[in-house]
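These notes are about the structure you will find just below.
Each ligand, and each atom within it, is numbered from 1 in the order the structure gives. FYI, the numbering just counts along the sequence from 1. Keep in mind the model is a prediction, meaning the values are calculated, not measured.
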Amino acid sequence: MEVLVFGAGSLGSLLGGLLARAHDVTLVGREPHVSAVQADGLRITGAETLETRPAATTDATGASADLALVTVKAYDTEAAGRALATGDYGAVCSLQNGMGNEDVLADAVRAPVLAGTVTYGAGLVDPGHVEWRGRGTITLGAWRPADDVAAAERVAAALRAADLNVTTTVDVRRRLWEKLAVNAAINPVTALARVGNGALTEEPLAGLARTAAVETAGVARATGVAISDETAADAAATVVRETARNRSSMLQDVTRGRRTEIDAINGYVVDRAAATDRAAPVNRTLAALIGGWERGAGVGPSGDE
Ligand SMILES: NC(=O)c1ccc[n+]([C@@H]2O[C@H](COP(=O)([O-])OP(=O)(O)OC[C@H]3O[C@@H](n4cnc5c(N)ncnc54)[C@H](O)[C@@H]3O)[C@@H](O)[C@H]2O)c1
Ligand SMILES: CC(C)(CO)[C@@H](O)C(=O)[O-]
């Protein structure tokens, strides 16, 4: 299969490198990473060590592939959609955190849009070198009911052919909202308190995170996605325990002075709450504090390193 990975940073480079074991992969990224991959290939270290040789480019204009995986940060999805709209793809699959990415892509491209959640962990440590920080799973599904569910099965089979751990779901929207509740609970609380995920096992941060997750579940139900308060709170608490030694992506962003994905996480919850006449005061406060920090610190507009 021809696979284009749009957003060759941490996650995109890891998945692109792993997929290059079985498929014809092109990474779309930025310099100096792209030149390093073109010159010396891509090195993966960590959970496994391997060297692969995917193609790499900074410009996807007019490209075509059986599958485009989107792995840019949420604030770059519109630009990714515009670039992908100039090409021809069998399917376009977002593997990003946050919500709203799939709708942006579906409005931009003609191909079926798939959504996926990823629990693999990755970090780009040097140009041409990505660290595989955790084995995980990818859960995929078709985004709009009209989209071909068979496309999700084809993509899942292709990812499995490269030894990735993939499951499919007919209810990917619910899966995304559950992940949203986890990110809404953990990411801004760890970023604002400047603590690792494990600090959220204790009060007062545990209660704050739980309230953000429960509020998110309420907003999910108001939009027609059935997630109980307990499911959301338990999912967040489980991820806190399982990732106790990790620093969340948002904590890493704020400590490096980079733009965060707050708009696609707590900001999305606040927007959907307003649209469904619900209150989401904890998510609103968390989004305002992180958003206020972003403006005060002058990060962005691209948020890139
Ligand atoms: N890193 C992880 O372990 C991990 C795990 C699960 C989910 N995610 C999610 O995956 C997404 C990507 O995360 P990441 O950590 O890989 O971010 P990242 O910043 O490391 O990678 C994104 C890359 O996209 C590139 N990019 C953006 N716009 C581009 C454009 N127009 N053309 C070419 N390149 C472009 C950037 O240069 C950057 O290198 C996020 O939504 C994140 O929440 C990440
Ligand atoms: C699950 C998660 C919160 C673990 O740190 C991760 O999605 C992150 O850091 O964004």
List the atom pairs, with distances to 0.1 Å, where a side-chain N or O of residues 224-231 and a protein N or O form a donor-acceptor pair under 3.5 Å, not counting sequence neighbours.
from: S228; atom 1: OG; to: T231; atom 2: N; distance (Å): 3.0
from: S228; atom 1: OG; to: T231; atom 2: OG1; distance (Å): 2.7
from: D229; atom 1: OD1; to: R221; atom 2: NH1; distance (Å): 3.0
from: D229; atom 1: OD1; to: R221; atom 2: NH2; distance (Å): 3.0

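Close approach to A122 involves these atoms of ligand 1, each under 4.0 Å from a residue heavy atom: 1 (N), 2 (C), 3 (O). Against a heavy-atom cut-off of under 4.0 Å, V239 is close to the following atoms of ligand 2: 1 (C). Contact atoms of ligand 2 toward N97: 7 (O), 10 (O) (distance under 4.0 Å to a heavy atom of the residue). Less than 4.0 angstrom separates some heavy atom of D76 from each of these atoms of ligand 1: 27 (C), 28 (N). Set against the non-hydrogen atoms of S248, the atoms of ligand 2 under 4.0 Å away are 5 (O), 9 (O). Listed by number with element, the atoms of ligand 1 under 4.0 angstrom from any heavy atom of G7 are 23 (C), 24 (O), 25 (C).
The shortest separation from a heavy atom of S249 to ligand 1 is not under 4.0 Å, leaving the residue out of contact. Within the 4.0 Å heavy-atom shell around ligand 1 one finds G121. At least one heavy atom of T71 sits closer than 4.0 Å to an atom of ligand 1.
The shortest N or O to N or O distance between V118 and ligand 1 is not below 3.5 Å. Here's the thing with E261: one of its N/O atoms is less than 3.5 angstrom from an N/O atom of ligand 1. Where the criterion is an N or O separation shorter than 3.5 Å, residue side chain and backbone included, R247 fails it with respect to ligand 2. Polar contact with ligand 1: absent for K73 (N/O pair, distance under 3.5 Å). At under 3.5 Å, a nitrogen or oxygen of N97, whether backbone or side chain, sits near a nitrogen or oxygen of ligand 1. Looking at ligand 2, you'll find an N or O of S249 within less than 3.5 Å of one of its N or O atoms. Of the polar atoms of N183, at least one N or O is found under 3.5 Å from an N or O of ligand 2, judged by distance alone.
Among residues two or more places apart in sequence or in another chain, the side chain to side chain contact (heavy atoms under 4.5 Å, CB included) test is passed with N197 by I186, T190, T243, N246, S248.
No donor-acceptor pair closer than 3.5 Å links the side chain of E131 to the backbone N or O of V125. The backbone N or O of R256 sits nowhere less than 3.5 Å from a side-chain atom of Q252 that would complete a donor-acceptor pair. Proximity of a side-chain donor or acceptor of H33 to a complementary backbone N or O of G128 within less than 3.5 Å is detected. At distances below 3.5 Å, not a single donor-acceptor pair connects side-chain atoms of R133 with backbone N or O atoms of G46.
Remark: among candidates L14, L11, L95, the nearest residue to atom 14 (P) of ligand 1 is L11, based on non-hydrogen atoms. Within the set I265, N197, I186, the minimum heavy-atom distance to atom 4 (C) of ligand 2 is found for N197.
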Run the salt bridge (charged side-chain N to carboxylate O under 4.0 Å, His left out) check on E102 and R175 step by step: do they pass? CA-CA 13 Å; E102 292 77 11; R175 177 80 196 101; over 6 Å; no

Would you sort out whether V166 and V155 count as a side chain to side chain contact (heavy atoms under 4.5 Å, CB included), showing the intermediate values? CA-CA 9 Å; V166 184; V155 169; over 6 Å; no

Candidate pair D234 and R241, rule salt bridge (charged side-chain N to carboxylate O under 4.0 Å, His left out), full reasoning: CA-CA 10 Å; D234 290 352; R241 280 195 306 277; over 6 Å; no

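A cation-pi contact links R135 to W132, judged by a cut-off of 6.0 Å to the six-membered ring centre and 45° from its axis.
How far OH of Y120 is from CG of L15: 7.5 Å, rounded to the nearest 0.5 Å.
Protein heavy atom nearest atom 3 (C) of ligand 2, with residue, atom name and distance: N187 OD1, 3.1 Å.
For A79, no heavy-atom contact with ligand 1 is shorter than 4.0 Å. Under 4.0 angstrom from ligand 1, the non-hydrogen atoms of F6 all belong to its side chain.
Between D66 and R154, no side-chain nitrogen of the basic residue sits less than 4.0 Å from a carboxylate oxygen of the acidic one, so the salt-bridge criterion is not met. Under a 4.0 Å N-O distance rule, the pair D103/R173 does not qualify as a salt bridge.
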